[in-house]
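Following: one structure in structure tokens, then a few remarks.
Everything numeric here is computed off the predicted structure, so don't read it as measured data. All residue numbers in this chain count up from 1 along the given sequence.
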Amino acid sequence: MSDFEVARRQKQEPTATLLVRVLGCFALFIGGFALMAIGSIGADASSPYLFVGGILVVGLSFGLPMIGATER
């Protein structure tokens, strides 16, 4: 099992910046679910692309906060 450790920041970011980052990732998460819902309801030719796009957006919402993390 690997030991995962987040890289320590030299200087903490302002609270407003962290709040914007959290809200942005939450918006991506909800938007990804909306894309998956639209893609699963419709019978258009673009429905599979919307569904897969929703999966990718949800994955991006989890991946963005992990930028800068390191494994020791």
Taking Met36 as the starting point, is it possible to reach Ile30 by hopping between hydrophobic residues whose side chains are less than 4.5 Å apart?
yes
In the single-linkage hydrophobic clustering (I, L, V, M, F, W, Y; side-chain heavy atoms under 4.5 Å), do Ile55 and Leu60 co-cluster?
no
Contact summary for Cys25 and Ser61, nearest pair of heavy atoms:
O-CB, 3.4 Å
How far apart are the closest heavy atoms of Ala37 and Ser40, and which atoms are they?
O-OG, 3.0 Å
I'd like to check the side-chain contact (heavy atoms from CB on, under 4.5 Å) partners of [X]; sequence neighbours left out, ordered by chain and number.
X     : answer
Phe62 : Phe29, Val58
Leu50 : Leu35, Ile38, Ser46
Thr15 : none

